[in-house]
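Each residue takes its place number in the sequence, starting with 1.
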Amino acid sequence: MMDSNIDDNPLLNVGVPGRLKSGIHPLSAVDQSAPRQYIRWMFIFDFPDASGPASLSACTSINKGLDYVFDQYPFLTGRLGPLYHPAKKNLIQLRYSRTARPDILHWTYHETTSGYDYPELCKAGMPVSHWSIPKFCAAPSFYEKSEWLPAFTLQATFLKSGALVLCFAFHNSVVDQWSIPPILARFAMGTRHPKPILKSVEYRPPDISEYVDHNTTEKFNKFPEWTPWFGLLSLGQNTAIRGQRKGE
């Protein structure tokens, strides 16, 4: 849950872009302590016809998948920015619009040139490590602390030599590695659904109070000096989207 001192912070809206002031998603101490970087997952598909009509049709399906994801997790449309607090430093907050959904999908083309020839890449075992991240991923690679960063981005890159590259980027303060598969499963379901999908039940952050020992002298603001117990918690549930491993 959000620290009560943060929740009552009169500076909560300082510097927040106007379009993001209608929605706030709580970040726990675990979220605040997570490495502030993006987790990028890339998928490459055969896409023989990269012409305009075929690409537009693919983007329409991709947007349907995103709509299905955002119905369940609307805060993924938001942005992370600085949270000003009189007593604590280096805090962030996740804000999003409850009334307008931004256009998340970015898409582009690459001509059949050296390094982007799909048949040649396949023969060579897909050596894509030389690809420039900014050309395939919409999430910023470098940024200032004062910037408002997207919680999630998706870029579709069409290689005219016959491929579609999807690069999903999740900010680690909002989504961890364990939580990405169910999000992608929901995305895939949305792209394939033949009929309009009913709006899902509103997302409610899980309650982690059962995992907190209120008698301990340690406090959450001790992060990032984690104890082993806190290290396990960082891979369990918290108020953003933290996956939970089987048996835990």
Side-chain angles (χ1 to χ4, degrees), residues 19-20 22-27 31 38-80 94-110 136-140 149-159 162-206 237-246:
R19 68 184 186 282
L20 300 176
S22 62
I24 182 168
H25 185 79
L27 297 178
D31 304 321
Y38 284 96
I39 305 170
R40 295 175 173 87
W41 283 32
M42 179 180 285
F43 298 87
I44 305 175
F45 304 90
D46 290 342
F47 200 81
D49 181 8
S51 64
S55 299
L56 289 174
S57 177
C59 287
T60 298
S61 295
I62 292 170
N63 274 316
K64 287 181 179 178
L66 289 176
D67 286 341
Y68 198 32
V69 170
F70 298 151
D71 280 344
Q72 182 73 8
Y73 307 115
F75 53 86
L76 286 179
T77 66
R79 288 182 173 265
L80 290 149
L94 175 56
R95 305 297 290 263
Y96 65 98
S97 173
R98 296 181 183 274
T99 57
R101 181 173 295 173
D103 186 7
I104 298 293
L105 177 63
H106 297 258
W107 60 282
T108 187
Y109 288 94
H110 278 306
F136 288 87
C137 181
L149 305 174
F152 164 77
T153 67
L154 173 58
Q155 178 166 320
T157 303
F158 296 91
L159 302 184
L164 167 60
V165 182
L166 294 182
C167 185
F168 296 80
F170 303 87
H171 198 286
N172 198 36
S173 295
V174 183
V175 180
D176 65 4
Q177 292 277 13
W178 295 97
S179 309
I180 294 176
I183 295 176
L184 295 181
R186 187 172 182 84
F187 168 78
M189 187 182 302
T191 62
R192 297 169 181 168
H193 206 285
K195 298 179 181 179
I197 301 171
L198 297 177
K199 184 175 177 62
S200 58
V201 178
E202 182 180 355
Y203 174 77
R204 295 182 180 179
Q237 288 184 328
N238 69 38
T239 57
I241 314 176
R242 299 282 163 186
Q244 186 166 356
R245 296 173 291 181
K246 293 182 179 179

Contact summary for H171 and L80, nearest pair of heavy atoms: CG-CD1, 3.3 Å

Point-to-point distance, once rounded to the nearest 0.5 Å, from OG of S61 to CG of L56: 11.0 Å

Interatomic spacing from CG in L76 to OH in Y96 - rounded to 0.5 Å: 10.5 Å

Counterpart residues, side chain to side chain contact (heavy atoms under 4.5 Å, CB included), relative to T60 (two or more places apart): K64

Residue pair W107 / I62, side-chain heavy-atom distance below 4.5 Å: no

Side chains of F152 and L66 in contact at under 4.5 Å (non-hydrogen atoms): yes

Criterion side-chain contact (heavy atoms from CB on, under 4.5 Å) on F75 and I24, from CA distance to verdict: CA-CA 8 Å; F75 53 86; I24 182 168; over 6 Å; no

Step-by-step side-chain contact (heavy atoms from CB on, under 4.5 Å) determination, D71 to R101: CA-CA 10 Å; D71 280 344; R101 181 173 295 173; 3.3 Å; yes

Separation between OG of S51 and OH of Y109, rounded to the nearest 0.5 Å: 7.0 Å

Whether F43 and F168 hold their rings parallel, tilted or perpendicular, with breakpoints at 30° and 60°: perpendicular

For I39 against Q177, the heavy-atom pair lying closest together: CG2-NE2, 3.3 Å

Donor on one side chain, acceptor on other, Q155 and T157, under 3.5 Å: yes

Minimum heavy-atom distance T77-I104, with the two atoms named: CA-CD1, 4.2 Å

Closest non-hydrogen atom pair, F47 against A54: CZ-O, 3.7 Å

Inter-residue atom distance I183.CD1 - Y73.OH, 0.5 Å rounding: 6.0 Å

All side chain to side chain contact (heavy atoms under 4.5 Å, CB included) counterparts of S57, not counting sequence neighbours: none

Side-chain heavy atoms of F70 within contact of P102, under 4.5 Å: no

F136 side, atom CZ; L166 side, atom CG - distance, nearest 0.5 Å: 12.0 Å

Separation of D31 CG from N172 CG (nearest 0.5 Å): 9.5 Å

Donor-acceptor contact below 3.5 Å, side chain S55 vs main chain A50: yes

Nearest heavy atoms of R40 and A169, plus distance in Å: CG-CB, 4.1 Å

Shortest non-hydrogen contact from C137 toward T153: SG-OG1, 4.5 Å

